[in-house]
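Basis for what follows: all heavy atoms, side chains included, without hydrogens, waters or symmetry-related copies. Naming: A, B, ... by sequence-line order, numbering from 1 per chain.
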Amino acid sequence: MSEIESRDFIRQIIHDDLESGKHEHIVTRFPPEPNGYLHIGHVMSICLNFGISEETSGWTYLRFDDTNPSRESEEYVAAIERDLCWLGFDWGDRLTHASDYFERLYAAAVTLVEADLAYVDSLSADEIREYRGTLTKPGRNSPHRDRSAEENLNLLERMRNGEFAEGEYLLRAKIDMSSPNMNLRDPALYRIRHVTHQHTGDTWSIYPMYDFAHTMSDAFEGITHSLCTLEFEDHRPLYNWFLDQLKPSHRPRQIEFSRLNLAYAITSKRKLSALVEEGIVEGWNDPRMPTIAGMRRRGYPAAALREFVKRGGVTKKNKLIEMGVLENCMRENLGDESERRMAVLRPLKVVLTNYPDEKVEMMEAMNHPGRPEMGTRELPFSKELWIEQDDFMEDAPRKFFRLKPGGEVRLRFGYIIRCDDVIKNDAGDVVELRCSYDPDTRSGTGSSDRKVKGTIHWVSSEHAVDASVRLYDRLFTEVNPNSAEDFHAVLNAGSLETVSAKLEPSLAELKPETAVQFERLGYFCTDSEEHSVDARVINRIVTLRDSWSKLEKQAMQQQGKT
RNA sequence: UGGGGCGUAGCCAAGCGGUAAGGCAUCGGGUUUUGAUCCCGUGUACCGCAGGUUCGAAUCCUGCCGCCCCAGCCA
């Protein structure tokens with residue numbers, strides 16, 4: 001253990017800036033555009049920005065980057081605030097909008113025009129593209145580039161007054177049409193848009209572009225470090241150009257980091273939005289979605305999500321993080337925090353032939369094997385039980401130590417039973433097991449130390465409560481669906497399976513959004529929208545680690561080869 | 001074929017001229033009334049490749065290769 005925890009490159013810069021006295025406080029911002037729900041990629045940015053200000057006793061603004069009214073909405077701003085709160089971050093009274101600065105932004109634009117650093121163009125969108133040149137060919141100056149400041153001012157004012165149609169005029173920075181950096185070829189500053197803005201209503205008919213609005217908003221808020229993703233690296237010269245020309249009293253510094261990509265998941269708002277609109281998932285908060293709302297509904301604890309992002313690190317290298325890392329964070333957190341319960345997902349009937357017909361015993365069960373302070377509960381035990389179909393095998397391999405004909409197994413917190421008969425239907429499916437129990441092996445009694453290899457879970461059928469349980473799997477079959485030509489082609493058809501499960505009676509009245517472990521199966525969470533005590537709906541968060549299924553897979557592969 | 005980035009084990013990631021941390025995964029083993037947890041142990045990383053500088057390079061220099069981003073009046 002070294003005394004100095006190694007810092008990522010951004011925290012190193014910030015540490016140095018504090019050390020050198022360049023800044024007294026660190027001010028960051030999280031600037032989502034309210035045009036969709038936040039996803040796992042945003043979680044990283046959120047944790048970075050809010051995390052850094054927390055660590056340095058600075059502060060962070062939540063700033064809605066609402067400069068494009070044609071695709072933004074109130075629904076999204078509400079969802080973003082909700083998600084941020086749930087994740088555990090607090091912006092206090094520092095909730096702002098880029099639109100809060102529209103007047104100041106306009107004044108800054110006027111300043112640029114007056115300094116002959118911006119002009120009103122009247123080329124069409126197509127012409128502008130044509131004039132811009134290509135990656136390898138320089139662009140050409142617009143024929144309107146040399147309008148007088150007076151004329152530009154007049155035109156800009158009339159743009160603001162709504163005198164022109166959309167696309168008729170455009171305010172552009174006057175930089176360098178031959179720059180090898182496309183962002184410097186006279187980028188657009190303001191475009192005309194006759195649209196009602198979700199925050200400013202109809203007061204504006206021109207709206208600033210991202211680069212201009214974002215840079216100046218950072219400056220207005222005294223942001224010290226403006227952290228963004230790699231694709232904006234090319235924009236930094238433009239960011240700095242605005243600061244150089246307009247000389248605001250605060251000069252923020254933009255630093256870029258690589259985004260977090262999760263294997264088998266999509267993190268593109270456009271595609272996520274398509275999944276919702278095409279009805280491929282049930283909504284932005286479908287438990288299969290990598291959105292914060294979806295992961296929350298799935299049952300992922302916020303703390304586990306934060307831990308996951310922390311493990312990813314902060315660098316400039318493109319990364320694709322394995323699902324297993326995410327799943328492990330969930331298992332670690334839930335393993336410590338959640339109570340254990342018994343539930344049977346795919347029930348198989350077991351009748352204990354030597355158990356008295358009407359008898360019911362109450363068996364004591366620990367709520368958490370590692371945390372006795374979490375207490376115990378009682379499980380009713382009776383003649384007729386449900387066990388998991390997977391826990392019985394007629395022709396079992398040597399290493400299968402669950403139930404098989406003539407074999408013995410321990411019922412967790414119950415007795416050891418032996419399988420005497422297998423009953424099948426006409427189709428040949430196993431529909432019932434006739435077993436006998438050993439009365440001397442009751443769990444917890446002194447004479448219960450007889451060992452059997454396997455222990456399986458069960459539920460008394462008379463006392464069981466029903467539930468609809470949804471088993472989720474990855475939404476895509478491709479590791480990196482982001483780069484697939486068409487994501488529809490790599491959708492996982494089996495991403496959702498719903499089963500009718502039997503639960504132990506203590507689970508009858510669970511509140512929505514409660515996570516528990518179903519022993520030997522995984523972690524599950526009652527659905528926040530559809531679950532009620534009358535109609536239980538439960539989502540599987542993640543399975544337990546399962547070394548048996550691993551062995552099974554290996555065996556299958558070997559069989560396939562030989 | 002312009003510009004900007006990035007390349008350390010399967011996936012992340014330390015390292016900042018002195019002879020390759022750590023996590024996850026993998027594979028062994030122990031404990032276990034969850035095949036879970038827990039506990040031990042487990043890696044020949046040609047540090048993208050090739051040269052060079054140096055007593056010494058993942059770290060400095062040169063060249064090359066690979067991958068990502070940029071031609072919205074999106075962010």
Side-chain angles (χ1 to χ4, degrees), chain A residues 2 6-8 31-33 35 65 67-68 70-71 121 123-125 128-129 132-139 166-172 178-185 187-193 206-207 209-211 213-214 228-237 256 258 260 263 269-270 311-325 327-329 331-332 335-336 340 342 365-366 368-370 399-402 409-414 416 441 443-444 448-449 451-457 483 517-522 543-551:
Chain A
S2 71
S6 75
R7 283 181 271 260
D8 58 68
E33 183 189 11
N35 69 339
D65 224 320
T67 54
N68 187 355
S70 40
R71 37 184 244 172
D121 203 348
L123 250 27
S124 71
I128 284 184
R129 190 180 318 119
R132 184 157 33 226
T134 69
L135 295 178
T136 49
K137 267 179 294 189
E166 291 188 9
E168 209 176 331
Y169 288 99
L170 180 74
L171 183 72
R172 295 228 260 168
S178 64
S179 172
N181 182 340
M182 300 298 284
N183 295 115
L184 265 20
R185 319 244 263 228
L189 260 27
Y190 268 96
R191 76 286 217 188
I192 298 169
R193 206 98 317 163
I206 56 174
Y207 292 93
M209 298 293 290
Y210 163 83
D211 290 290
H214 194 263
C228 63
T229 42
L230 246 34
E231 66 269 31
F232 293 104
E233 210 149 21
D234 279 350
H235 295 237
R236 188 165 8 110
E256 312 82 14
S258 64
L260 179 160
K269 274 193 199 168
R270 208 204 96 244
R311 289 186 194 181
V314 181
T315 63
K316 300 187 71 159
K317 185 162 67 172
N318 290 329
K319 53 187 137 207
L320 184 62
I321 302 180
E322 292 173 339
M323 265 287 198
V325 180
E327 293 178 339
N328 256 308
C329 290
R331 292 186 182 116
E332 273 178 34
D336 286 344
R340 264 104 256 230
M342 296 229 273
M366 285 178 294
H368 190 120
K399 285 187 166 172
F400 183 83
F401 40 91
R402 279 117 91 160
V409 76
R410 163 138 238 142
L411 293 178
R412 168 138 249 232
F413 303 122
I416 290 175
T441 57
S443 178
S448 68
D449 48 355
K451 299 284 186 225
V452 283
K453 262 182 249 154
T455 298
I456 64 171
H457 56 97
S483 66
Q517 182 196 96
F518 287 167
E519 294 214 21
R520 302 211 310 130
L521 295 173
T543 61
L544 249 33
R545 206 184 258 108
D546 182 1
S547 52
W548 167 249
S549 71
K550 210 179 291 168
L551 281 176

Checklist entry - If you look at every strand shown and take non-hydrogen atoms under 4.0 Å, does A:T315 touch a base, only sugar-phosphate, or nothing? => result sugar-phosphate
Checklist entry - Is A:Q517 touching bases, backbone alone, or none of the nucleic acid, heavy atoms closer than 4.0 Å? => result base
Checklist entry - Stacking check: are the rings of A:Y210 and B:A75 less than 5.5 Å apart at their centres and under 30 degrees in tilt? => result no
Checklist entry - Which nucleotide, in any strand shown, forms a Watson-Crick or G-U wobble pair with B:A71, with both distances under 3.5 Å? => result none
Checklist outcome for this item: Those residues at least two apart in sequence (or on a different chain) that pass side chain to side chain contact (heavy atoms under 4.5 Å, CB included) with A:L544 are A:Q517, A:Y523
Checklist entry - What does A:L521 touch in the nucleic acid at a heavy-atom separation under 4.0 angstrom: a base, only the sugar-phosphate, or nothing? => result nothing
Next on the checklist: Between the base of B:U34 and the side chain of A:T455, is one N or O donor paired with an acceptor at under 3.5 angstrom?
Outcome noted: no
Checklist entry - What is the pairing partner of B:C24, taking Watson-Crick or G-U wobble pairs with both distances under 3.5 Å in any strand? => result B:G10
Checklist entry - Under 4.0 angstrom, heavy atoms only, what part of the nucleic acid is A:L123 near: base, sugar-phosphate, or nothing? => result base
Checklist outcome for this item: Each nucleotide of nucleotides 67-72 of chain B classed B (base within 4.0 Å of a protein heavy atom), S (only sugar-phosphate) or -, in 5' to 3' order, makes -SBBBS
Using a cut-off of under 3.5 Å, enumerate the N/O to N/O pairs linking the protein to nucleotides 57-59 of chain B.
none

Checklist entry - Donor-acceptor pair under 3.5 Å: do we get one between A:R520's side chain and the base of B:U34? => result no
Next on the checklist: Applying side chain to side chain contact (heavy atoms under 4.5 Å, CB included), can you list everything that pairs with A:E327, at least two apart in sequence or on another chain?
Outcome noted: A:R331, A:V542
Checklist entry - What distance, rounded to whole Å, do you find between the two P atoms, one in B:C69 and one in B:C12? => result 16 Å
Checklist entry - Using the purine O4'-C1'-N9-C4 or pyrimidine O4'-C1'-N1-C2 torsion, is B:G72 syn (within 90° of 0) or anti? => result syn
Checklist entry - Which residues satisfy the ring pair (Phe, Tyr, Trp, His ring centres under 6.0 Å) test with A:F518, sequence neighbours excluded? => result A:F524
Next on the checklist: According to side chain to side chain contact (heavy atoms under 4.5 Å, CB included), who are the partners of A:D546, at least two apart in sequence or on a separate chain?
Outcome noted: A:W548, A:S549
Item to check | Partner set under salt bridge (Lys or Arg N to Asp or Glu O under 4.0 Å) for A:R132, not counting sequence neighbours | outcome: none
Next on the checklist: Taking the C1' atom in each of B:C47 and B:G43, what is the distance between them to the nearest angstrom?
Outcome noted: 15 Å
Checklist entry - Under 4.0 angstrom, heavy atoms only, what part of the nucleic acid is A:F413 near: base, sugar-phosphate, or nothing? => result base
Item to check | Pair of N/O donor and acceptor under 3.5 Å linking B:G4 base with A:R236 side chain | outcome: no
Checklist entry - Who passes salt bridge (Lys or Arg N to Asp or Glu O under 4.0 Å) against A:K316, sequence neighbours left out? => result A:E233, A:E256
Next on the checklist: Students often get this wrong, so: under 4.0 angstrom with heavy atoms, is A:A188 touching a base, only sugar-phosphate, or nothing?
Outcome noted: sugar-phosphate
Next on the checklist: Heavy atoms only, 4.0 Å cut-off, all strands: where does A:F401 land among base, sugar-phosphate and nothing?
Outcome noted: base
Item to check | Partners meeting ring pair (Phe, Tyr, Trp, His ring centres under 6.0 Å) with A:H214 (sequence neighbours left out) | outcome: A:Y210
Checklist entry - Taking protein heavy atoms under 4.0 Å as touching, what does nucleotides 21-27 of chain B look like 5' to 3' if B marks base contact, S marks sugar-phosphate-only contact and - marks none? => result ---SSSS
Next on the checklist: Classify A:G167 by what it touches in the nucleic acid, base, sugar-phosphate, or nothing, heavy-atom distance under 4.0 Å.
Outcome noted: base
Item to check | ring pair (Phe, Tyr, Trp, His ring centres under 6.0 Å) partners for A:H368, two or more places apart | outcome: none
Checklist entry - Now, which nucleotide makes the Watson-Crick or G-U wobble pair with B:A45, with each of the two distances under 3.5 Å? => result none
Checklist outcome for this item: Sorted by chain and number, sequence neighbours left out, side chain to side chain contact (heavy atoms under 4.5 Å, CB included) with A:N35 holds for A:E33, A:R71, A:E72, A:K269
